[in-house]
Amino acid sequence: MEAFQNEVSYHRYCVGNAVHITQRVRTSSTDDLVKTVVNTGKAVMMSILTTLVRFGRLIFANHLGMEELGKMIVLGLGICLVLIITLLSALFAIFRKKAK
């Protein structure tokens, strides 16, 4: 049960980071989308990378369950990082062009 709660928590963590970037883009006073996403993306990337390192240590555990949990969290957070940086930025650019 605890493993499931940990997986749900890192999904919430990814959504929270996506919300940070979305809020920053929506409230930005500048029209430079790239600058806004890059500046906020650096903070989000560092946040996710430090969490990846923290949970990545579980991969080296002597317990098979903890090792698998570490692998799943690292995989999930890695995919989340790539999607936030690439897909979310592309969606902002597409929808901003349609709005103009």
Side-chain angles (χ1 to χ4, degrees):
M1 184 67 176
E2 186 176 328
F4 178 72
Q5 290 174 343
N6 286 337
E7 288 185 37
V8 170
S9 294
Y10 85 80
H11 283 91
R12 258 189 266 150
Y13 183 74
C14 290
V15 170
N17 282 317
V19 168
H20 287 303
I21 291 181
T22 304
Q23 183 65 23
R24 182 64 175 208
V25 168
R26 291 183 68 187
T27 60
S28 178
S29 60
T30 180
D31 285 335
D32 190 6
L33 178 66
V34 174
K35 184 177 179 181
T36 303
V37 171
V38 167
N39 287 337
T40 309
K42 287 178 187 177
V44 167
M45 187 170 68
M46 288 306 295
S47 173
I48 291 177
L49 286 176
T50 55
T51 305
L52 273 171
V53 169
R54 186 176 64 202
F55 282 110
R57 294 184 324 192
L58 291 175
I59 294 172
F60 303 107
N62 291 330
H63 187 273
L64 184 61
M66 297 302 279
E67 179 183 343
E68 292 298 317
L69 179 66
K71 288 177 184 177
M72 289 301 297
I73 291 176
V74 166
L75 178 67
L77 285 175
I79 291 170
C80 175
L81 176 63
V82 170
L83 290 177
I84 286 176
I85 299 300
T86 58
L87 182 65
L88 192 61
S89 302
L91 288 174
F92 287 140
I94 290 168
F95 287 117
R96 189 167 277 195
K97 285 181 184 177
K98 285 185 179 182
K100 288 183 179 181

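Everything numeric here is computed off the predicted structure, so don't read it as measured data.
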Separation between CD1 (Ile21) and CG (Asn39), nearest 0.5 Å, reads 11.0 Å
Contact summary for Leu58 and Gly70, nearest pair of heavy atoms
CB-CA, 3.7 Å
Is it the case that one hydrophobic cluster holds both Leu87 and Ile79, taking links as side-chain heavy atoms less than 4.5 Å apart, direct or via other members?
yes
Could you check if a side-chain atom of Leu52 sits within less than 4.5 angstrom of a side-chain atom of Leu49, using non-hydrogen atoms only?
yes
Indicate the atoms forming the closest heavy-atom contact of Val74 with Phe55, along with that distance.
CG2-C, 4.3 Å
Exercise: identify the closest heavy-atom pair between Ile59 and Glu67
O-CG, 3.3 Å
Contact summary for Gly41 and Ile85, nearest pair of heavy atoms
O-CD1, 4.1 Å
Ile73 side, atom CD1; Glu68 side, atom CD - distance, nearest 0.5 Å
11.5 Å
Value for SG (Cys80) from CG (Leu75), rounded to nearest 0.5 Å, stands at 11.5 Å
For the atom pair OG1 (Thr22) and CZ (Arg24), what is the distance rounded to the nearest 0.5 Å?
13.0 Å
Any side-chain heavy atom of Phe92 within less than 4.5 Å of one from Thr36?
no
Of all heavy-atom pairs between Ala18 and Ile84, which one has the smallest distance, and what is that distance?
N-CD1, 3.9 Å
So does Ala43 get a backbone contact from the side chain of Ser47, meaning a donor-acceptor N/O pair under 3.5 Å?
no
